[in-house]
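So you know, we letter chains A, B, ... as the sequences are listed, proteins then strands, and number each from 1.
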4 protein chains.
Amino acid sequence: MSTSGQQDKLKSRRRGKELETAILQAVREELQEQGYANLTMDGVAERSGTSKAVLYRRWANRAELVLAALRERVPLPLEEVPDTGNLRDDVIGVLRAMNHNNTQAMMKALYGLVTELGAVPLASLIFPDGRQNRTMTIVLQRAADRGEVAPEAITPRMLTLPSDLARHELMLYNTPMTEEMIASIVDEVYLPLVLKR
Amino acid sequence: MSTSGQQDKLKSRRRGKELETAILQAVREELQEQGYANLTMDGVAERSGTSKAVLYRRWANRAELVLAALRERVPLPLEEVPDTGNLRDDVIGVLRAMNHNNTQAMMKALYGLVTELGAVPLASLIFPDGRQNRTMTIVLQRAADRGEVAPEAITPRMLTLPSDLARHELMLYNTPMTEEMIASIVDEVYLPLVLKR
Amino acid sequence: MSTSGQQDKLKSRRRGKELETAILQAVREELQEQGYANLTMDGVAERSGTSKAVLYRRWANRAELVLAALRERVPLPLEEVPDTGNLRDDVIGVLRAMNHNNTQAMMKALYGLVTELGAVPLASLIFPDGRQNRTMTIVLQRAADRGEVAPEAITPRMLTLPSDLARHELMLYNTPMTEEMIASIVDEVYLPLVLKR
Amino acid sequence: MSTSGQQDKLKSRRRGKELETAILQAVREELQEQGYANLTMDGVAERSGTSKAVLYRRWANRAELVLAALRERVPLPLEEVPDTGNLRDDVIGVLRAMNHNNTQAMMKALYGLVTELGAVPLASLIFPDGRQNRTMTIVLQRAADRGEVAPEAITPRMLTLPSDLARHELMLYNTPMTEEMIASIVDEVYLPLVLKR
DNA sequence: CCTTAATCGAGACGGTACGTCGTGTCTTTAT
DNA sequence: ATAAAGACACGACGTACCGTCTCGATTAAGG
């Protein structure tokens, strides 16, 4: 039974961290292909070339496993901070990036987790290190340096407002934001609040 | 085992609308007690004193059944529109009401539905009749009449902004908003955008 | 997945006794092919075209299932009683028949049962109706009628002695008895004890 | 977790024969406590304070391990040969001894072995050195010397007959023989065949 | 006496089967 | 005709044990 061949008989048996990484990668692939509701432990075990016992030794159940797989990816490698020279285009750039980093599959996986792991609030998944927004901090600081905004306009609320509205949109519609939606957030809400006049 | 007495042997067998209503009520009770993840068709059948065949004759699967149960309750009887005489307190009243109308259990049920019924975006569950906000329309119109806001400030975005931010908060944290959070939304974001100056 | 075809989609779903009979037949087939140690619940379920849940609804575990399958066959339809006209050949005929009715597979299944179902003594499986031997009763009675044996020689012990020794042989060696072994039992032990002299 | 103290940290690590003996002893203890069906390799490893690798370096599988443990004990130190001065009491003594040397647990372990190690016939376990009966040889020879039996009555069959019938009884009922059963074997079968008349 | 090779103890790993539970279908009986 | 009851086929769950493997610690034996 020379099965699915994802594990070269020449390579020695994987263990510890290496094995764990391979498993979590398999989870993410299953999430993309099957979606959270159809992801099974057997499926993950087979795809990662291991056995269910190995999964259950590390994670108590399906939800914990998916949770771990998502956590690995949530603190995205501090993405490029847009630097166009004006606040409006910087913020638009930030919001556009959210379209890509919050895939449909990932969003639904998050919903599934909340449904199953009663206690886990979404926030702790989305903001594992507390509610901060390093990208926006940089963007706003640059705008302040250029004199576009007053320094005292940089409040916690103003750091998260655009992404909060964008996330709300993404969560409700489970589809990428339109350019109009992004423009509405920036032009009708954000800029009027922070720009000097 | 003459169980929970949900069906008196004296009363004749229920049918049609009466039966359906009893089933959907049982679904909501199970949701409250068990949560969406642990709600089972057998459980609903037993609680409502009927059989699974009856459920499947009406709804295709678990998700559709829960969906139906929630829809019955989503268009809440148009709640009292606050009328305190000033915009700030009216909006705060609206947001406070959201704390009560979006129970934890209901929120998680919505997440579960999105997870299982791949296609259903949350928005269609929350806004079955399109994105409108009749309460805020009334509140803002009154404020315009009083001269607190300029009529041209009443844009679609301004009708939904406070509740969007509040909903975002509720979705992320799965817990009632604090008074501080409500004040932040109103004072740091909303009023600065709409109040005449 | 139009699987093994043992269940015509045209025929309606089997239930009750009919289903049960098919399952026990499948168990016996698995016993012959796989042996007791390698017989699995999944295997039986697949071969009989049903599911494990159905098996477990009727029998608590593997051993109980096999036990039921064997019981159905143990009270073999009262086999032909040899009637050759002399006692020696009659008894030899009886012992030869045991070679066929106690297959290797069945013997090992019995051992397996005793191993797993701690309490069940083999005797209750082999003699579900108490230790009797109707065949030998007839054979001996005929011999007495012919005057070969004295009527008072027909004791319980003499009814079971040949088959006891034969069974001992079959249990120890798990292989059919040789003709020499049969002759030894009859000529060295049995006839000297019962024949008139 | 200074566990069950089966291996004093002060005592040096066991190897070779000493280790092997301890393991087989642990096997027999597990057999007594758990029975064959519930004996596990992990259990034996833990009880003997070693690891599974050590077991599998010496025995190919569970059955081989148990087999080895039983073999150590089967050739019981040539038990006392009864010498009462008459054949009847000597034979009864031999049969009574079988009640003690064939424990229930050991018998069931033998069944388990046959079930799993398809090829191993029970006989080779019970008679590792070929079908002989040294005890009965001595008993019968003494009887011949006393003139109770004719020398030509000492045939292979007569050496094993009583123990064969006794073993058959023990295997079927998994319980010690009654005195009546022993008397029946001796008085109704054995003595009539061998005693001079 | 110190190195070196072998074995030990511990436990992770890849599998297979277990027995349970939930889904969605189907059959039967009663109203 | 529909309701209530419940069996049926399916598939995933989480557990247990098997037999293999890797790893570091220990120890007997040899230079």
Side-chain angles (χ1 to χ4, degrees), chain A residues 1 3 7 9 12-16 19-20 38-46 48-62, chain B residues 1 7 9 12-16 19 37-46 48-63 65, chain C residues 1 3 7 12-16 19-20 38-46 48-62, chain D residues 1 7 9 12-16 19 38-46 48-63 65:
Chain A
M1 258 189 275
T3 33
Q7 177 206 1
K9 291 297 180 193
S12 74
R13 201 180 262 182
R14 296 162 304 172
R15 304 168 68 83
L19 176 55
E20 191 162 320
N38 297 325
L39 177 146
T40 70
M41 298 303 265
D42 291 273
V44 171
E46 186 173 4
S48 58
T50 185
S51 74
K52 282 197 292 177
V54 171
L55 304 185
Y56 282 105
R57 192 175 300 127
R58 293 158 201 270
W59 301 281
N61 49 51
R62 194 173 69 126
Chain B
M1 256 191 280
Q7 178 204 5
K9 290 297 180 192
S12 76
R13 195 177 267 180
R14 297 158 304 172
R15 315 187 142 227
L19 177 55
N38 297 324
L39 175 145
T40 69
M41 298 301 268
D42 291 273
V44 171
E46 186 174 5
S48 57
T50 183
S51 76
K52 284 197 295 176
V54 172
L55 304 184
Y56 282 104
R57 190 172 301 128
R58 292 157 205 270
W59 301 280
N61 49 49
R62 192 173 72 126
L65 170 59
Chain C
M1 262 191 275
T3 33
Q7 178 205 1
S12 72
R13 198 181 263 182
R14 295 161 305 170
R15 306 168 67 83
L19 177 56
E20 190 161 322
N38 296 324
L39 177 147
T40 69
M41 298 303 265
D42 292 272
V44 171
E46 186 173 4
S48 58
T50 183
S51 74
K52 282 197 293 176
V54 170
L55 304 184
Y56 282 105
R57 192 175 301 128
R58 292 158 202 270
W59 301 281
N61 49 50
R62 192 173 70 125
Chain D
M1 260 191 275
Q7 178 204 2
K9 290 298 179 193
S12 73
R13 194 179 265 179
R14 297 158 306 170
R15 320 188 134 222
L19 177 55
N38 296 326
L39 177 145
T40 70
M41 297 303 266
D42 292 271
V44 171
E46 185 174 6
S48 57
T50 184
S51 76
K52 284 197 294 176
V54 172
L55 304 183
Y56 282 103
R57 190 174 301 129
R58 291 156 205 271
W59 301 280
N61 49 50
R62 192 173 73 125
L65 170 59

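Close to E/dG14, at under 4.0 Å from its OP1 or OP2, lies a side-chain N or O of A/Arg14. Between F/dA9 and C/Thr50, a contact under 4.0 Å exists linking OP1 or OP2 to a side-chain N or O.
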Check the interface with nucleotides 23-25 of chain F: list each N/O to N/O pair with the protein under 3.5 Å, or write none.
residue: F/dA25; atom: N3; partner: D/Arg13; partner atom: NH1; Å: 3.2

Which protein N or O atoms sit under 3.5 Å from an N or O of nucleotides 15-17 of chain F?
none

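Here A/Asn61 pairs with A/Ala63, A/Glu64, A/Leu117 under the side-chain contact (heavy atoms from CB on, under 4.5 Å) rule; sequence neighbours left out. For the side-chain contact (heavy atoms from CB on, under 4.5 Å) test, residues two or more places apart in sequence or in another chain that qualify with D/Asp42 are D/Thr40, D/Lys52. With sequence neighbours excluded, the residues that form a side-chain contact (heavy atoms from CB on, under 4.5 Å) with C/Arg58 are C/Leu19, C/Glu20, C/Val54.
Looking at B/Leu65 and B/Met41, their side chains come closer than 4.5 Å, going by heavy atoms from C-beta outward.
Taking atom CG on D/Leu19 and atom C1' on F/dA28, their separation rounds to 15 Å, with Å as the unit. The separation between D/Leu65 atom CG and F/dG19 atom P is 10 Å, rounded to whole Å.
Of the candidates E/dC8, F/dG19, F/dA7, the closest approach to any side-chain atom of C/Arg57 belongs to F/dA7. In this structure, of E/dG9, E/dT7, F/dC8, it is F/dC8 that holds the atom nearest to the side chain of C/Val54.
Listed here is the closest heavy atom pair of B/Ser51 and B/Ala45: C-CB, 3.9 Å.
Mapping B/Ala63 and A/Arg58 onto DNA chain E by nearest heavy atom places A/Arg58 closer to the 5' end of the strand.
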